[in-house]
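The next block holds one structure in the form of structure tokens; read it before the comments.
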Amino acid sequence: METESSVIKEAFCQTVTRKKLRTFQVNLGKFCNMRCRHCHVDAGPERSEIMLDSVMDSVIKSLELPGLLELDITGGAPELHPRFLELMHCGIAAGLMVTVRCNLSVLLLPSQSETPAILAANRVKIIASLPCYLEKNVDSQRGEGAFRKSIAALKILNSVGYGRKVPLNLVYNPTGLNLAGNQAKLEEDYKRVLQEEYGIEFHHLFCLHNFPVGRFYEELLGSNRFHEYMQLLLDSYNPKTMEGLMCRDLVSVSWDGFLYDCDFHQMKDLPITFHGSPLRISDLTDLSQASSIQYSSHCLACMAGSGASCGGALV
Ligand code: SF4
Ligand code: SF4
């Protein structure tokens with residue numbers, strides 16, 4: 001395992017270089033109304049880390065960076081940040097495509113009653129996590145009642161135009177220790193079941209493997225299955241995924257203002273550096289000043305099977 005892993009690391013370091021920066025993925029913090037078993041952010045209602053005002057100001061300033069095309073807002077539950085809508089409006093004003101990563105149940109909170117209609121009116125793309133179309137699987141990952149809340153939220157989203165005129169994509173991730181299966185086939189199954197049983201429409205399904213980071217990593221360690229899972233990732237390594245790895249044209253911003261190659265590196269505290277020091281959003285002028293993309297063992301989850309990214313399978 002050791003040798004194979006270093007061969008992959010070497011291939012990664014030679015091939016995975018930065019392209020032109022396209023996407024800012026901004027993580028507004030670890031505060032979330034849910035506490036999912038698989039969460040790589042280790043987010044939850046008890047977490048108090050949310051994006052500081054000074055960092056938010058720097059993020060908003062950086063939306064004008066030349067060549068930037070997309071603002072991808074994530075968390076935690078990003079909708080719960082007091083400046084969430086301001087950030088969204090600034091992204092739109094800067095001419096960016098704005099995406100929000102939504103856990104669905106947050107939309108049922110009284111404070112969020114206006115959010116779906118505001119997002120739809122601004123044609124903000126929603127990518128919503130729904131790890132299965134079966135109630136028991138969703139509830140086992142996300143907590144009792146999570147599936148019913150997700151269905152109720154999806155109905156609200158459909159009622160304001162999501163899944164029809166406004167893009168709504170769902171995210172699947174496996175319940176157990178297996179990798180995500182065939183994305184096109186699973187999308188068909190999701191569409192059939194959600195339409196027939198609940199009358200719900202959506203555009204695309206994105207499949208994501210579970211990353212050995214955060215709570216899923218703790219779970220692997222606790223059940224003594226970490227090495228088994230890493231071996232599965234290693235055995236499933238697919239070099240064709242390298243071309244499309246999201247870290248090549250995305251940069252991830254943390255709640256406290258540091259820059260990372262992706263959200264997973266953020267959770268593992270592997271910042272982008274400049275002359276050996278972690279790079280802050282307030283110091284960013286362009287990414288030519290940044291260190292090269294770092295390899296870590298959890299990168300294998302992006303490169304296993306059909307690959308995985310925030311936009312689903314890669315090949
Ligand atoms: S997986 Fe998403 S919804 Fe669940 S606790 Fe983490 S951030 Fe919140
Ligand atoms: S984990 Fe991050 S840095 Fe590693 S391959 Fe995936 S996107 Fe790139």
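Side-chain atoms are counted along with the backbone in the values below, which use heavy atoms only and exclude waters and symmetry mates. We number each residue from 1, following the sequence as shown. Every number for a ligand or one of its atoms is a count from 1 in the order of the listing.
Summarising the local packing, CD of Glu114 is surrounded by 12 or fewer heavy atoms from other residues, nucleotides or ligands at distances under 6.0 Å. Under a cut-off of 6.0 angstrom, the local environment of NZ in Lys19 is crowded, with over 12 non-hydrogen atoms contributed by other residues, nucleotides or ligands.
In summary, the atoms of ligand 1 found under 4.0 Å from a heavy atom of Arg142, numbered by their order in the structure, are 1 (S), 2 (Fe), 3 (S), 4 (Fe). Listed by atom number, the atoms of ligand 2 under 4.0 Å from Phe12 heavy atoms are 5 (S). Heavy-atom contacts of Asn103 reach the following atoms of ligand 1: 3 (S) (cutoff under 4.0 Å). Short contacts between ligand 1 and Cys36, defined as distances under 4.0 Å to a heavy atom of the residue, involve ligand atoms 1 (S), 3 (S), 4 (Fe), 5 (S). Taking a cut-off of under 4.0 Å to the non-hydrogen atoms of Met246, the atoms of ligand 2 that pass are 7 (S). In summary, the atoms of ligand 2 found under 4.0 Å from a heavy atom of His298, numbered by their order in the structure, are 1 (S). The distance from ligand 1 to the heavy atoms of Gly76 drops below 4.0 Å at these ligand atoms: 7 (S).
Only side-chain heavy atoms of Cys32 come within less than 4.0 Å of ligand 1; its backbone N, CA, C and O stay farther off. Neither the backbone nor the side chain of His40 comes within 4.0 Å of ligand 1, counting heavy atoms alone. Looking at His265 against ligand 2, only its side chain comes within 4.0 Å, counting heavy atoms.
In terms of hydrophobic clustering, with Ile, Leu, Val, Met, Phe, Trp and Tyr side chains grouped at heavy-atom distances under 4.5 Å, Met230 and Ile8 are assigned to a common cluster.
Judged by the 6.0 Å distance and 45° axis criteria, Lys268 is not positioned over the aromatic ring of Phe211.
Counting protein heavy atoms only, atom 6 (Fe) of ligand 2 is closest to Cys302 SG, 2.3 Å. Shortest contact from atom 8 (Fe) of ligand 2 to any protein heavy atom: Cys247 SG, 2.4 Å. Ranking protein heavy atoms by distance to atom 4 (Fe) of ligand 2, first place goes to Cys299 SG, 2.3 Å.
With values rounded to the nearest 0.5 angstrom, Met267 atom CE is found 4.5 Å from Lys30 atom NZ. Between the CD atom in Glu79 and the CG atom in Leu119 there is a gap of 7.5 Å [rounded to 0.5 Å]. Glu218 CD to Cys39 SG: the interatomic distance, rounded to the nearest 0.5 Å, is 12.0 Å.
Checked by atom type, the side-chain pair Ser252/Asn27 shows no donor-acceptor distance below 3.5 Å.
Between Thr99 and Cys310 there is no side-chain heavy-atom pair separated by less than 4.5 Å.
At least one N/O/S atom of Cys262, from backbone or side chain, sits under 2.8 Å from atom 2 (Fe) of ligand 2.
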